[in-house]
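Remember, predicted model here, so these are calculated numbers, not experimental data. Count residues from 1 along the sequence.
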Amino acid sequence: KHLISSRARALRLRLSMLHSLSIARAMPGQHVQGGPSSVLCSSGIVSKPPAGASLHVHHGACRLAGTISIKVSMCLFGIRLARRGHQVARGRANLAHVVLSVGGQELSLTMPTGRGACEPNQHDVVSLGDLRISSVGLGTISWSASNEESERALCDLAASAADACMLVDTAERYGTELGPPFDRWPFGRAGRCEEILGIALRGSKKPAVATKFTPTPWRNSRSDVVAACKASCQRLGVNQIDLYQIHHPDIVQPLKSFGLAWPRDSELWEGLADCVELGLARNIGVCNYGPTLLNLACDALKLRKVPLASNQINFSLLYRRQGVMPTIEACKARGVTVLAYWPLAMGLLSGSSNLSAPGRRGEELKRYLTGGGAIPPGGVQPLLDVLHDVASRRGRTCSQVALNWIMCRGAVPIPGACRLERLGEYVGALGWRLTDAEADELEAAAESLPFDFEGAGFRFSSAKFVGYGVERWYLD
């Protein structure tokens with residue numbers, strides 16, 4: 001809750017002289033009152049501000065001043081300054097934007113209020129069961145911590161997202177760079193990401209955390225769901241999980257080719273209801289369910305008087321076919337919130353031509369960008385051209401426009417991020433909406449592509465690598 005804190009990490013802005021500092025409250029995208037220095041940059045990001053800068057933010061008569069050299073850490077719900085040599089007064093902040101004015105050039109940071117005072121932007125929140133969360137969440141599938149420094153960075157990221165009332169989405173299988181199925185020895189250990197989140201969220205007042213149970217042929221009973229939920233609670237350091245989900249339908253059936261398959265999805269739903277009744281889960285959800293399975297789950301849970309809160313699916317401008325839109329309509333009809341993973345299609349919709357994904361996944365993503373194999377020449381470029389055009393007209397980034405399109409279509413995007421500045425960019429998707437014409441323009445460009453993005457490497461939304469082969473399913 002302190003404006004001045006010893007925890008200054010992640011995005012660091014070195015200023016040789018701080019002339020004046022005061023605090024302001026503002027909604028994302030709005031101008032802060034206080035003269036020419038309050039004009040906000042659309043991206044909300046400062047990467048390399050020059051020395052000798054003047055930092056101005058406004059909050060009534062509150063004013064902090066000093067002539068010092070400092071570090072600034074952007075943490076979305078507050079600004080943390082590390083004292084270096086001179087004393088600076090402590091204060092409490094309700095902060096949405098910090099504007100850095102340097103010789104007539106205005107730069108800005110996007111930051112809501114102080115840690116522990118989790119109050120979401122009232123103009124851009126959604127209901128998820130009995131939760132009220134930000135319209136943009138944070139995904140953690142790519143999180144991995146090989147040393148103490150990287151673990152601290154992820155802890156800061158998670159704490160910032162939680163303080164911003166974002167839903168932080170993880171799973172018992174997350175915790176290595178490659179992700180499932182490489183989350184076991186010798187590649188890593190299951191539950192590692194939950195452990196990192198548990199450390200990060202100890203000081204947060206109202207974190208919204210979602211995690212998942214992964215069914216396997218030897219682990220698909222209702223008691224297995226309850227036992228796994230208890231283990232996740234322990235790793236997260238909580239008594240109750242805000243949203244507990246089934247990671248995918250019970251599709252891992254090794255003997256299916258011999259005509260022997262015993263999917264136990266109904267058992268999994270009973271296990272979810274048990275978790276709610278035992279107080280282990282506040283809300284429950286599913287992932288990768290199409291309309292048929294969704295309705296069956298809703299009907300089964302209704303008998304237990306436990307509502308289904310969410311359905312998490314692959315949804316982006318590059319994945320709208322294969323039953324996605326009917327699934328969204330089915331969720332709407334049943335009062336189920338849609339969470340959209342891969343909303344930026346693993347970075348393809350970020351507008352960057354230099355994706356850093358490792359190995360096979362990186363190679364396949366490059367083919368989507370430029371063409372090759374089953375992807376026609378030019379790849380996703382026709383869509384990116386329109387995305388860049390809309391982003392330029394709106395003064396936004398491609399990522400912000402792509403996320404905002406999903407919000408316009410009634411879903412909550414859960415983009416992944418491993419760096420604080422990336423999370424800051426995602427926050428810039430809040431507080432505004434594309435026009436209907438702009439949304440239709442983007443959809444028309446997406447519809448012109450003769451392919452969808454189902455995933456890359458060993459990660460697919462319609463298939464799962466399970467050791468003996470690949471199991472496939474589609475929402476429709």
Side-chain angles (χ1 to χ4, degrees), residues 76 126 128 131 133-145 153-162 164-180 183 191-197 200-201 207-214 232 236 241-248 285-288 310-319 337-350 355-357 361 365 399-400 402-404 406-407 411-427 429-430 453-461:
L76 299 182
V126 296
L128 194 161
L131 299 173
I133 61 171
S134 169
S135 296
V136 173
L138 172 66
T140 63
I141 190 172
S142 295
W143 281 22
S144 62
L154 292 177
C155 284
D156 278 352
L157 182 64
S160 298
C165 286
M166 288 181 164
L167 178 70
V168 182
D169 181 71
T170 187
E172 62 179 5
R173 299 290 304 274
Y174 294 174
T176 64
E177 169 59 31
L178 293 175
D183 61 334
R192 181 72 181 109
C193 193
E194 289 180 333
E195 293 173 351
I196 295 173
L197 276 176
L201 301 178
V209 178
T211 190
K212 311 179 190 75
F213 168 83
T214 303
S232 289
L236 288 166
I241 295 171
D242 295 293
L243 176 64
Y244 196 53
Q245 308 159 93
I246 299 297
H247 210 150
H248 54 70
V286 293
C287 304
N288 300 300
S310 67
N311 182 22
Q312 188 171 160
I313 60 174
N314 179 7
F315 181 38
S316 72
L317 280 166
L318 282 173
Y319 197 76
T337 301
V338 177
L339 305 178
Y341 67 84
W342 297 350
L344 300 178
M346 291 189 179
L348 291 173
L349 297 174
S350 67
L355 302 180
S356 58
R361 179 156 50 101
L365 289 174
S399 293
Q400 290 166 350
L403 296 175
N404 199 273
I406 291 175
M407 294 153 61
V412 178
I414 311 290
C418 295
R419 295 177 299 169
L420 203 55
E421 55 265 38
R422 185 67 65 200
L423 185 63
E425 181 183 9
Y426 298 159
V427 172
L430 297 169
F453 177 76
E454 298 183 20
F458 290 98
R459 299 181 186 174
F460 294 91
S461 61

Q: Check Asp242 against Ala208 and note the closest heavy-atom contact, atom names and distance.
A: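 Answer, listing the atom of Asp242 first, then Ala208: OD2-CA, 3.5 Å.
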Q: Determine the minimum heavy-atom distance between Ser232 and Glu194, stating which atoms define it.
A: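 Taking Ser232 first and Glu194 second, the nearest heavy atoms are OG-OE2, 2.9 Å.
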Q: Does Ser350 have any side-chain hydrogen bond (donor to acceptor under 3.5 Å, both in side chains) partners at least two apart in sequence or in another chain, and if so, which?
A: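 Here no residue qualifies.
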Q: For the atom pair CD1 (Ile141) and CH2 (Trp342), what is the distance rounded to the nearest 0.5 Å?
A: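 Reported value, rounded in 0.5 Å steps: 6.5 Å.
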Q: Run the side chain to side chain contact (heavy atoms under 4.5 Å, CB included) check on Phe453 and Leu365 step by step: do they pass?
A: CA-CA 10 Å; Phe453 177 76; Leu365 289 174; 3.7 Å; yes
Q: Does the Gln400 side chain pair with the main chain of Glu425, one donor and one acceptor, at a distance under 3.5 Å?
A: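 Between the backbone of Glu425 and the side chain of Gln400 there is a qualifying donor-acceptor contact (under 3.5 Å).
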Q: Look up atom OG in Ser160 and atom CG in Leu138, then write down how far apart they are to the nearest 0.5 Å.
A: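 Result: 10.0 Å between the selected atoms.
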Q: Heavy-atom distance under 4.5 Å between the side chains of Arg459 and Ser142, does that happen here?
A: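 Touching, per the 4.5 Å side-chain cut-off.
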Q: Using every non-hydrogen atom in the two residues, find where Ala345 and Leu318 come nearest and quote the distance to one decimal.
A: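 Nearest heavy atoms, Ala345 then Leu318: CB-CD1, 3.7 Å.
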Q: Once you round to the nearest 0.5 Å, how far does CZ of Arg173 lie from OG1 of Thr211?
A: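 Going from the CZ atom of Arg173 to the OG1 atom of Thr211 covers 12.0 Å.
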Q: Flag the pair Val427 / Met166 as yes when at least one side-chain heavy-atom distance between them is below 4.5 Å, and no otherwise.
A: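 Yes - at least one pair of side-chain heavy atoms lies under 4.5 Å apart.
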Q: How long is the gap from OG on Ser399 to CG on Leu344, to the nearest 0.5 Å?
A: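 Going from the OG atom of Ser399 to the CG atom of Leu344 covers 4.5 Å.
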Q: Where the side chain of Tyr319 meets the backbone of Pro343, is there a donor-acceptor pair that is under 3.5 Å apart?
A: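 Absent.
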Q: Taking atom OG1 of Thr170 and atom CZ of Arg192, what is their separation to the nearest 0.5 Å?
A: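 Spacing of OG1 (Thr170) from CZ (Arg192) equals 11.5 Å.
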Q: Quick check against the 3.5 Å criterion: does Glu172 have a side-chain atom that pairs as donor or acceptor with the backbone of Thr214?
A: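 A pair under 3.5 Å: yes.
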Q: If you define the side chain from C-beta out and look only at heavy atoms, does anything of Leu157 sit under 4.5 Å from Trp143?
A: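 Yes; the side chains approach each other to less than 4.5 Å.
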Q: On a heavy-atom basis, which atom in Cys287 and which in Gln245 lie closest, and how many Å separate them?
A: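 Nearest pair, atom of Cys287 first, then Gln245: SG-OE1, 3.7 Å.
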Q: Could you check Tyr174 against Ile196 for side chain to side chain contact (heavy atoms under 4.5 Å, CB included), going step by step and ending with a plain yes or no?
A: CA-CA 11 Å; Tyr174 294 174; Ile196 295 173; over 6 Å; no
Q: Of all the heavy-atom pairs spanning Val136 and Met407, show the shortest one and how long it is.
A: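 Closest approach of Val136 to Met407: CG2-SD, 3.7 Å.
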Q: Hey, is the main chain of Gly139 close enough, under 3.5 Å, to the side chain of Asp169 for a donor-acceptor pair?
A: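 Checked: no pair found.
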Q: In Å, rounded to the nearest 0.5 Å, how long is the span from CG of Leu167 to CG of Leu339?
A: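 The CG atom of Leu167 sits 6.0 Å away from the CG atom of Leu339.
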Q: Where do Leu236 and Leu197 come nearest, in terms of heavy atoms and distance?
A: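 Looking at all heavy atoms of both residues, the closest pair is CD2-CB, 3.8 Å.
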